[in-house]
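Working notes for the structure below.
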Amino acid sequence: MTLLARLASDVQLMFRRPPRQQYGAICYRVKKKSGDVEVLLMTSRDTGRWVIPKGWPMTGKCAHEVAAQEAFEEAGVRGAVETETLGAYSYSKILRDGVQVACKVQVYAIEVTEMAKNFKEKGERRIEWVSFDEAAGRVREPELRGLFLAFKRKLTERLSAQAVKQGSAGKQIPAE
């Protein structure tokens, strides 16, 4: 590498900003009759691509609380939010002024228990409930796709363990 190329690379690194932090939610529900799990996807307001609810940090709120707030404002859903992150993914966001910034989204799971009729961004996005596999196929970001599939495995294990626990609790041990 020439000295000039090295200097150009160093200058570029000096001016590169770290990714901007956002918090998001994978919102899910378990259908009562079938036990099937569905996840929420929505379209972005600008490009119409499939995304999850996410937003910027909020003063006085923990990361998981921001994720829950964004899920309500953008998709009208409320529920039990997990405090442990599922992981993170990166994407490029174009701001209102046209500047493109790198964003890193820390993602939390929310088990949806309530859907509001009215919410802040109602009518600005399309919302759909789909399977994990469908969600993974629709999103553009490879890391988000990986989070959907990893959470599918984790939730399947958790639900199977609950079913076994409930099944064994209902059985009586025969007397000898």
With [X], which residues qualify under side-chain contact (heavy atoms from CB on, under 4.5 Å), at least two apart?
X    : value
D97  : L95, V99
R96  : none
E114 : R78

Q | Contact list for residues 44-55, test salt bridge (charged side-chain N to carboxylate O under 4.0 Å, His left out), sequence neighbours left out | A |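 Checked against salt bridge (charged side-chain N to carboxylate O under 4.0 Å, His left out) - neighbours excluded - the pairs reaching residues 44-55 are R45-E121, R45-E124, R49-E141.
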
**Q.** Residue pairs involving residues 144-153 (criterion salt bridge (charged side-chain N to carboxylate O under 4.0 Å, His left out); sequence neighbours excluded)
**A.**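 Qualifying pairs, neighbours excluded: D133-K152.
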
Q) Taking the side chain as C-beta and beyond, is there a heavy-atom pair between E70 and M58 under 4.5 Å? A)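 Heavy-atom side-chain distance check passes, below 4.5 Å.
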
Q | Straight-line distance of E143 CD to K104 NZ, nearest 0.5 Å | A |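 If we round to the nearest 0.5 Å, E143:CD and K104:NZ are 7.5 Å apart.
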
Q | Spacing of SG belonging to C103 relative to CD belonging to Q22, to within rounding of 0.5 Å | A |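 CD of Q22 is found 4.5 Å from SG of C103.
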
Of all residues at least two apart in sequence or in a different chain, which pass the salt bridge (Lys or Arg N to Asp or Glu O under 4.0 Å) check with [X]?
X    : answer
R140 : none
E111 : none
E82  : R158
E38  : R29, K31

Q. Should side-chain heavy atoms under 4.5 Å link Ile, Leu, Val, Met, Phe, Trp and Tyr, which residues sit in the same cluster as Y28?
A.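 I26, V30, V37, V39, L41, W50, I52, L86, Y89, Y91, V105, V107, V130, F132, V139, L144, L147, F148, F151, L155, L159, which link up through side-chain heavy atoms under 4.5 Å apart, make up the rest of the cluster.
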
Q. For residues 53-84, which residue pairs qualify under ring pair (Phe, Tyr, Trp, His ring centres under 6.0 Å), counting only residues two or more places apart or in two chains?
A.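 Residue pairs with at least one partner in residues 53-84: there are none.
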
Q) So which pairs with a foot in residues 107-128 pass ring pair (Phe, Tyr, Trp, His ring centres under 6.0 Å), sequence neighbours left out? A)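 Passing the test, one end in residues 107-128: no pairs.
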
